[in-house]
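Worksheet: the structure to be examined is printed underneath.
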Amino acid sequence: MLEIGKATQHDAEALMHLYHNHLTSQPPTEEQNIVIWRDKIARFEQNPMYYLLVGKHDGFVVSSVTLVVVENLTRNNRPYAIIENVVTHADYRGKGYASALMRRASAIAEKMGCYKIMLLTGSKEESTLGFYDNCGFDRTVKTGYARYFSGLAKNI
């Protein structure tokens with residue numbers, strides 16, 4: 001049984017390891033990074049437009065999806081949503097956990113009045129692209145671009 005909810009500060013270490021093991025992020029240097037992650041997750045918890053969703057199996061974080069709702073001035077002022085960081089632990093893939101998180105994210109976006117959800121993936125794997133197709137996303141309706149920045153954030 002998968003338990004789905006918004007991540008809390010207590011999930012910081014589990015998320016660090018989930019992301020590290022399955023993405024190209026920096027390996028955690030434990031205590032210092034855990035404090036930073038807990039603080040950031042606490043801010044996410046307080047933000048009604050930010051949903052860091054986790055799926056837990058037997059109390060263990062096995063999957064994650066981030067949904068951010070963005071206010072908008074077009075489409076009758078209806079917001080839109082962005083999904084990022086769709087990650088499932090390798091031992092739990094193929095069990096429908098990420099699909100369940102994507103359904104929850106879609107339900108939240110719909111409840112908040114969003115007119116669309118967008119996501120980008122860097123994967124070219126047909127299994128990943130097929131997963132998003134099966135979640136109701138259409139890869140043919142938009143062209144996605146990404147621009148990356150290096151270095152630390154600057155105060156503006």
Side-chain angles (χ1 to χ4, degrees), residues 1-72 77-123 125 128 131-132 134-137 144-156:
M1 180 75 176
L2 187 70
E3 178 186 333
I4 299 174
K6 234 179 158 178
T8 69
Q9 298 173 55
H10 303 291
D11 298 318
E13 187 171 2
L15 283 164
M16 285 174 67
H17 290 288
L18 179 68
Y19 292 169
H20 169 67
N21 289 333
H22 301 287
L23 300 175
T24 56
S25 61
Q26 291 290 331
T29 57
E30 296 310 317
E31 197 56 43
Q32 182 181 12
N33 278 343
I34 290 172
V35 169
I36 292 168
W37 279 56
R38 283 184 182 143
D39 289 346
K40 192 163 282 211
I41 291 170
R43 288 196 309 271
F44 298 162
E45 287 181 89
Q46 300 303 312
N47 185 338
M49 307 298 264
Y50 198 105
Y51 293 82
L52 174 52
L53 299 175
V54 292
K56 294 181 182 180
H57 179 77
D58 291 334
F60 178 67
V61 174
V62 297
S63 193
S64 173
V65 169
T66 299
L67 173 80
V68 179
V69 176
V70 181
E71 292 290 353
N72 187 30
N77 298 310
R78 290 179 64 196
Y80 59 91
I82 300 170
I83 286 182
E84 268 290 332
N85 301 327
V86 180
V87 181
T88 300
H89 189 285
D91 294 344
Y92 294 87
R93 291 182 186 154
K95 299 181 184 302
Y97 295 160
S99 295
L101 283 167
M102 294 291 278
R103 283 191 300 275
R104 178 68 59 86
S106 292
I108 292 167
E110 185 174 25
K111 182 177 180 181
M112 294 189 71
C114 294
Y115 76 93
K116 71 177 175 183
I117 301 176
M118 299 182 291
L119 66 84
L120 295 173
T121 180
S123 177
E125 295 292 325
T128 301
F131 167 76
Y132 292 126
N134 290 334
C135 288
F137 290 85
Y145 290 87
R147 180 176 176 190
Y148 293 88
F149 300 99
S150 61
L152 299 174
K154 309 246 187 298
N155 289 333
I156 56 172

From [X] [atom1] over to [Y] [atom2], what is the distance, rounded to the nearest 0.5 angstrom?
{"X": "Leu67", "Y": "Leu119", "atom1": "CG", "atom2": "CG", "answer": "10.5 Å"}
{"X": "Ile82", "Y": "Thr66", "atom1": "CD1", "atom2": "OG1", "answer": "11.5 Å"}
{"X": "Lys95", "Y": "Leu2", "atom1": "NZ", "atom2": "CG", "answer": "11.5 Å"}
{"X": "Leu101", "Y": "Ser106", "atom1": "CG", "atom2": "OG", "answer": "11.0 Å"}
{"X": "Asp11", "Y": "Phe44", "atom1": "CG", "atom2": "CZ", "answer": "12.5 Å"}
{"X": "Arg103", "Y": "Ser99", "atom1": "CZ", "atom2": "OG", "answer": "6.0 Å"}

Looking at every non-hydrogen atom in both residues, tell me the closest pair between [X] and [Y] and how far apart they are.
{"X": "Phe137", "Y": "Met102", "value": "CE1-CE, 3.5 Å"}
{"X": "Ile117", "Y": "Ala105", "value": "CD1-O, 4.4 Å"}
{"X": "Pro48", "Y": "Met112", "value": "O-CE, 3.6 Å"}
{"X": "Val69", "Y": "Pro79", "value": "CG1-CB, 3.8 Å"}
{"X": "Gly144", "Y": "Leu120", "value": "CA-CD2, 3.8 Å"}
{"X": "Glu45", "Y": "Ala7", "value": "CG-O, 3.4 Å"}

Review point. Taking only residues two or more places apart in sequence or in another chain, which ones pass ring-ring contact (aromatic ring centres under 6.0 Å, His included) with Tyr97?
Key: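 Per chain and number, Tyr97 pairs via ring-ring contact (aromatic ring centres under 6.0 Å, His included) with His57.
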Check your understanding: Any sub-3.5 Å donor-acceptor pair from Lys6's side-chain atoms to Tyr50's backbone N or O?
Key -> yes
Point to revise | Any donor-acceptor N/O pair, Asp39 side chain to Ile36 backbone, under 3.5 Å | key: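 Not confirmed, Asp39 side chain does not pair with Ile36 backbone.
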Review point. Relative to each other, are the rings of Tyr19 and Trp37 parallel, tilted or perpendicular (30° and 60° limits)?
Key: tilted
**Study point:** Under the side-chain contact (heavy atoms from CB on, under 4.5 Å) test, residues paired with Phe60 that sit two or more places apart
**Key:**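 Expected list: Val62, His89, Tyr92.
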**Study point:** Option passing side-chain contact (heavy atoms from CB on, under 4.5 Å) with Leu15 (candidates Asn85, Ile41, Val87)
**Key:**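 When Asn85, Ile41, Val87 are each tested with Leu15, the side-chain contact (heavy atoms from CB on, under 4.5 Å) holds only for Ile41.
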Practice item. Would you check, one step at a time, whether the test side chain to side chain contact (heavy atoms under 4.5 Å, CB included) holds for Val68 with Glu84? Key: CA-CA 8 Å; Val68 179; Glu84 268 290 332; over 6 Å; no
Exercise for review: With the side chain counted from C-beta on, respond yes when Leu53 and Ile108 share a heavy-atom pair under 4.5 Å apart, and no when they do not.
Suggested key: yes
**Study point:** Within residues 111-120 or reaching into it, pairs that qualify as side-chain hydrogen bond (donor to acceptor under 3.5 Å, both in side chains) - sequence neighbours excluded
**Key:**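 Sorted pair list comes back empty.
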